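For reference, the structure is listed below as structure tokens.
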Amino acid sequence: MNLFLRLLMLVIRTRFAKRTHVNDEHALSFRVWLGDQDMLQHMTNSRYLSFSDLAMIDFLMRTDMWRRLRKQGLHPLVAYKDIRMLRMLRFPQKFEVRTRMVGWIGPYVGMQHEFTSRGRVTATSLTIGRFIGKSKRPTLDELRISMGYDDVVNPEPSEELVRLVALLEAENDALKATKSTGAA
């Protein structure tokens with residue numbers, strides 16, 4: 001329930017927040033609630049992923065991408081998500097999630113989430129997503145132009161992002177080959 005409450009609070013706050021640029025870093029502040037903890041008395045692993053999802057929603061709404069995507073009949077889809085936890089967060093600790101785009105390759109976009117508390121990084125997360133519609137799966141360059149984001153700069157994708165996108169493409173090709181041959 002607390003994530004629904006946080007989502008509602010985020011949507012309301014974001015609706016009235018200043019619009020930002022796609023290349024900007026976005027920051028959200030939270031506090032660890034009792035319901036965020038596991039039996040080991042630190043924030044449970046799944047919450048990090050949930051907070052990175054909230055950060056993505058904030059990013060899409062504050063950059064006005066959400067409205068522009070919906071107008072074109074497109075929806076975001078997470079293709080890959082990874083997290084590295086370095087330090088524990090405990091109730092009632094404050095923390096911040098900083099989100100920035102780290103590059104795109106074809107239809108895939110990479111987003112980095114950095115969790116910090118008391119000036120120290122506690123976790124990092126990488127989300128790789130793409131945008132899909134009923135009949136189209138545009139590349140990010142096509143989407144950038146059609147949505148009027150002519151001034152968006154593609155950061156140089158890291159080796160990790162290039163490697164992971166290649167892996168996703170290989171898995172997609174293998175799945176397509178399996179479907180076309182009828183193998184189970």
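As the structure is a computational prediction, the values presented were derived from the model and not from experiment.
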Compute whether any side-chain donor of one residue and acceptor of the other, for R70 and H75, lie under 3.5 angstrom apart.
yes
Taking the basic N atoms (NZ, or NE/NH1/NH2) and the acidic carboxylate oxygens, is any pair closer than 4.0 Å for E160 and R84?
yes
Does the cation-pi check pass for R87 over F115, that is, NZ or CZ under 6.0 Å from the six-membered ring centre and within 45° of its axis?
no
Can you tell me how the ring of H26 sits relative to the ring of F59, calling it parallel under 30°, perpendicular over 60° and tilted otherwise?
perpendicular
From CA spacing to verdict: ring pair (Phe, Tyr, Trp, His ring centres under 6.0 Å), F51, F95
CA-CA 11 Å; F51 283 114; F95 66 97; 5.0 Å; yes
Evaluate side chain to side chain donor-acceptor pair (under 3.5 Å) for T63 paired with H21, printing each intermediate quantity in order.
CA-CA 6 Å; T63 59; H21 192 272; over 6 Å; no
For side chain to side chain donor-acceptor pair (under 3.5 Å), just list the numbers for K81 and S125, CA-CA rounded to whole Å, side-chain angles, deciding distance to a tenth of an Å, and then say yes or no.
CA-CA 7 Å; K81 195 170 259 201; S125 174; 5.5 Å; no
Candidate pair T44 and D36, rule side-chain contact (heavy atoms from CB on, under 4.5 Å), full reasoning:
CA-CA 6 Å; T44 187; D36 297 327; 5.8 Å; no
Within 6.0 Å of CZ in R120, more than 12 heavy atoms from elsewhere
no
Does either side chain, that of K94 or that of S29, offer a donor lying less than 3.5 Å from an acceptor on the other one?
no
Using the test side-chain hydrogen bond (donor to acceptor under 3.5 Å, both in side chains), find all partners of E142 that sit at least two apart in sequence or belong to another chain.
none
Would you give the length of the straight line joining atom CD of Q112 to atom CE of M101, rounded to the nearest 0.5 angstrom?
13.0 Å
Dump the intermediate steps for side-chain contact (heavy atoms from CB on, under 4.5 Å) on D151 and V22, then the final yes or no.
CA-CA 9 Å; D151 61 341; V22 174; over 6 Å; no
Salt-bridge contact D24-R62 (side-chain N to carboxylate O under 4.0 Å)
no
Checking side-chain polar atoms at under 3.5 Å, does H113 have a donor or acceptor matched by the opposite partner on T124?
no
With side-chain contact (heavy atoms from CB on, under 4.5 Å) as the test, would you mind laying out the steps for E96 and E114 before giving the verdict?
CA-CA 8 Å; E96 189 173 69; E114 187 177 81; over 6 Å; no
Sort out for me which residue in V162, V109, V165, L164 forms a side chain to side chain contact (heavy atoms under 4.5 Å, CB included) with P157.
V162
Distance under 6.0 Å and angle within 45° of the ring axis: does R6 meet both against W33?
yes
For Q72 and S146, run side-chain contact (heavy atoms from CB on, under 4.5 Å): C-alpha distance rounded to whole Å, both residues' side-chain angles, the deciding distance at 0.1 Å, then the answer.
CA-CA 9 Å; Q72 293 194 23; S146 70; 3.1 Å; yes
